Amino acid sequence: MKMFYSSKYGPWILGGIIFCGVVVGVLLLGLLAATITVRRAEVASIYNNVKVEITEENKTHSDQWGFNYPREYETWRQTSEMNFKSKHLGNVMDDVLADRPDMVVLWAGYAFSRDYSAPRGHWYTIEDMRATLRVGAPGVTGPDGQELKDLQPATCWTCKSPDVPRMMKEKGLAEYYKAPWSAWGAEIVNPIGCADCHDPATMNLTITRPALVEAFQRRGVDINQATTQEMRSLVCAQCHVEYYFKGDGKYLTFPWDDGMTVEKMEEYYDNIQFSDWTHALSKTPMLKAQHPDYEIFLLGTHGQRGLSCADCHMSYISEGGVKYSDHHLMSPLKKIESTCQTCHRDSEENLRQYVYERQDKILETRDRLEPELVKAHIMTKAAMEAGATDEELAEARKLIRAAQWRWDFGVASHGASFHAPIETQRILSHGLDKALQAQLALKNVLFAHGLTEVDMPDISTKARAQAYIGLDMNALRSQKAEFMKTVVLQWLQTAQANGRI
């Protein structure tokens, strides 16, 4: 270094190095500034170069939003894919009753005993609802020569389509809810899409289903004051919750007045003496949990730490200067690198196995509970046939109702075993305890009527279980096929003529 500075060329060399360094630095800063400018322009162009104005007339058509937001739209279209299967769920069609025929008996007398499949993507909400045996075949001629009536009210459409808010506005809430399901078949035709969660004027997240707002109002909470992060779960909570149809008007209501736990909602239902149906075998007034995903999520680790549904189910994608949410809503296990690994520094395989371990242990309890509930229903039926009175069976029926409510609460929330594994295990374990208590109570009744043993039927397959509870599945499938060929075809033709699709 001493020789360098003592050289007569030293100052020139040092100056040259500094000059070159400054030039390179300026060039790099210029490139950075140019990149930022380009990316900002790219982002700005998305919002400023609106190609299609979204209006009240076209907002139910998600393809119109796609002209303005092509990235989000293309990922939403991917909800039509059926190419992922994890250990326990996925986005493929799966006949759950065929996998677990005990469920047929658990829902005897209720439409779910006819048909229950694992859910597919949002793309299929309308298609799958028309096709399910749970809504029957209204408008088709039945075996007695009479036209078949609706099994369900119009309320059932509420979570299926962006056409629903339009119908609520046109008809009024009460009139919309209380109509028969088939009344709006030609009106509600587009699957869940952009308008269900976004305000077309601002693109802000918005609540489009009044039942959620009403539920929070009854608890003294104004969700108009919700933060952006809270809204990233609340738009999901419009549908992914427990609910019931209140009164003869079938008014959609969330039973959260006293709290959002399984016990508090059960207390709410007990206080108003509500039941979804009376079990065909045990004559127990039953509760059917819908899909209490939001309520269970709030009780888990991720919910308690302030994460939202969108953080895991709608991870971010970066393209150039644009960062946007992936609208291909499905299991985060398909995209661990952009979901779990955003926070957790572990391998994909380890993270996947952590999830499976939780699911496996909880499903072990579920699989232990289901056959015990079946036994309780069949034992109650045997007691009635032996002459037991409603008074004698009251305690057992109370326990059966409570046990099956807990089973259904844990099962109907498809992500419960991951969202809140400790709470879900607690719920299912209490369900198993109550099912066994019901059997003990029933044994005392059976002994009093001279019965020491009850034969269990062969319900080892879906077909045998459905035959046992008295379902004529051939007739139901035939009626549904006719419904799809005639009634649904007419709906589609009318909808197309009216510009609904």
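Everything quoted here is computed from the prediction, not taken from an experiment.
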Handout entry: Approximate separation, where rounding is to 0.5 Å, of D163 CG and I126 CD1
Key = 7.0 Å
Problem - Sidechain-backbone polar pair: S233 side chain, E230 backbone, donor-acceptor under 3.5 Å - result: no
Practice task
State, yes or no, whether a side-chain contact exists between H344 and Y354 at a heavy-atom distance under 4.5 Å.
Solution key: no
Practice task
Taking the side chain as every heavy atom from C-beta outward, state whether W157 and M129 have any atom pair closer than 4.5 Å.
Solution key: yes
Problem - Any donor-acceptor pair under 3.5 Å from S315 side chain to T339 backbone - result: no
Exercise for the section: Tell me, yes or no, whether the heavy-atom count around D144 atom CG, taken from other residues, nucleotides or ligands under 6.0 Å, exceeds 12. Expected result: yes
Handout entry: Worked verdict on V189 versus W491 for side-chain contact (heavy atoms from CB on, under 4.5 Å)
Key = CA-CA 9 Å; V189 290; W491 286 354; 5.8 Å; no
Problem - Closest heavy-atom pair and its distance - P162, A195 - result: CB-CB, 4.0 Å
Exercise for the section: Classify the angle between the aromatic ring planes of F297 and H419 as parallel (below 30°), tilted (30 to 60°) or perpendicular (above 60°). Expected result: perpendicular
Exercise for the section: Taking the side chain as every heavy atom from C-beta outward, state whether E72 and M203 have any atom pair closer than 4.5 Å. Expected result: no
Handout entry: Under 3.5 Å: donor-acceptor pair, side chain of T342, backbone of S338
Key = yes
Exercise for the section: Please determine if K288 forms a cation-pi arrangement with Y110, meaning its NZ or CZ atom is less than 6.0 Å from the six-membered ring centre and no more than 45° off the ring axis. Expected result: no
Problem - NZ/K85: more than 12 non-hydrogen atoms of other groups inside 6.0 Å - result: yes
Problem - Ion pair check, E266 and R401, cut-off under 4.0 Å - result: no
Exercise for the section: Could you tell me whether the side chain of R232 and the main chain of T228 form a donor-acceptor pair under 3.5 Å? Expected result: no
Handout entry: H327 vs H122 side-chain heavy atoms within contact, under 4.5 Å
Key = no
Problem - Crowding at CD, E53 (>12 non-hydrogen neighbours, <6.0 Å) - result: no
Practice task
Could you check if a side-chain atom of N91 sits within less than 4.5 angstrom of a side-chain atom of R120, using non-hydrogen atoms only?
Solution key: no
Handout entry: Distance, nearest 0.5 Å, that separates CZ of R358 from CD1 of I422
Key = 8.5 Å
Problem - Between OH on residue Y69 and NZ on residue K51, distance to nearest 0.5 Å - result: 10.5 Å
Handout entry: Ionic contact status for R426 with E263, cut-off 4.0 Å
Key = yes
Exercise for the section: Classify the side-chain pair S413/D293 by whether it contains a donor and acceptor separated by less than 3.5 Å. Expected result: yes
Practice task
Kindly indicate, with the supporting measurements, whether the criterion side-chain contact (heavy atoms from CB on, under 4.5 Å) is fulfilled by C236 and Y294.
Solution key: CA-CA 8 Å; C236 307; Y294 176 68; over 6 Å; no
Exercise for the section: Compare every heavy atom of A420 with every heavy atom of I296, then report the nearest pair and how far apart it is. Expected result: O-CB, 3.3 Å
Practice task
Would you kindly say whether H377 and Q404 are connected by a side-chain donor-acceptor distance under 3.5 Å?
Solution key: yes
Handout entry: Crowding at NZ, K398 (>12 non-hydrogen neighbours, <6.0 Å)
Key = no
Exercise for the section: Using a strict 4.0 Å threshold on nitrogen-to-oxygen distance, state whether D95 and K462 make a salt bridge. Expected result: yes
Handout entry: Crowding at CD, E337 (>12 non-hydrogen neighbours, <6.0 Å)
Key = yes
Expected list for residues 178-186: side-chain donor-acceptor pairs under 3.5 angstrom, two or more places apart:
{"from": "K178", "atom 1": "NZ", "to": "E175", "atom 2": "OE2", "distance (Å)": "3.1"}
{"from": "S182", "atom 1": "OG", "to": "D150", "atom 2": "OD1", "distance (Å)": "2.7"}
{"from": "S182", "atom 1": "OG", "to": "D150", "atom 2": "OD2", "distance (Å)": "3.2"}
{"from": "W184", "atom 1": "NE1", "to": "Y176", "atom 2": "O", "distance (Å)": "3.2"}

Practice task
Taking the six-membered ring for Trp and the full ring for Phe, Tyr or His, determine whether the centres of W256 and Y268 are under 6.0 Å apart.
Solution key: no
Exercise for the section: Give a yes or no on whether the backbone of L281 and the side-chain of H279 come within a donor-acceptor separation of less than 3.5 Å. Expected result: yes
Completion exercise
When rounded to the nearest 0.5 Å, the distance separating CG of N58 from OG1 of T60 is 7.5 Å
Problem - Donor on one side chain, acceptor on other, D199 and N204, under 3.5 Å - result: no
Problem - Closest heavy-atom pair and its distance - Q229, G306 - result: NE2-O, 3.1 Å
Practice task
Report yes if the side chains of W76 and C194 come closer than 4.5 Å at any heavy-atom pair, otherwise no.
Solution key: no
Practice task
Could you grab the distance from atom OG1 of T125 to atom CD1 of I188, nearest 0.5 Å is fine?
Solution key: 10.5 Å
Handout entry: Distance (rounded to the nearest 0.5 Å) between H291 NE2 and H414 NE2
Key = 7.5 Å
Problem - Side-chain heavy-atom pair T208, Q238 within 4.5 angstrom cut-off - result: yes
Problem - Residue pairs, two or more places apart or on separate chains, that pass ring-ring contact (aromatic ring centres under 6.0 Å, His included) and touch residues 305-326 - result: none
Exercise for the section: Look only at the side chain of T155 and the backbone of P153, and say whether a donor-acceptor pair between them is shorter than 3.5 Å. Expected result: no
Fill in the blank from the handout: For S161 and N190 the tightest heavy-atom approach is OG-O, 2.6 Å
Handout entry: Check: Q490/T486 side-chain N/O donor and acceptor closer than 3.5 Å
Key = no
Handout entry: Validation row: S275, M286 side chains within 4.5 angstrom (heavy atoms)
Key = no
Problem - For N68 against V52, the heavy-atom pair lying closest together - result: ND2-O, 2.6 Å
Practice task
Just grab all the salt bridge (charged side-chain N to carboxylate O under 4.0 Å, His left out) pairs involving residues 101-114, residues at least two apart or on different chains.
Solution key: none
Problem - Charged N-O contact under 4.0 Å between R209 and D196 - result: yes
Handout entry: R130 bridged to E127 by N-O distance under 4.0 Å
Key = no
Handout entry: Salt-bridge criterion met for K264 and E295 (N-O under 4.0 Å)
Key = no
Handout entry: Closest contact, heavy atoms only, L205 versus M231
Key = O-CE, 3.5 Å
Exercise for the section: Verify, without hydrogens or angle tests, whether W405 (side chain) and V262 (backbone) share a donor-acceptor contact under 3.5 angstrom. Expected result: yes
Problem - K335 and D326 ion-paired at < 4.0 Å - result: yes
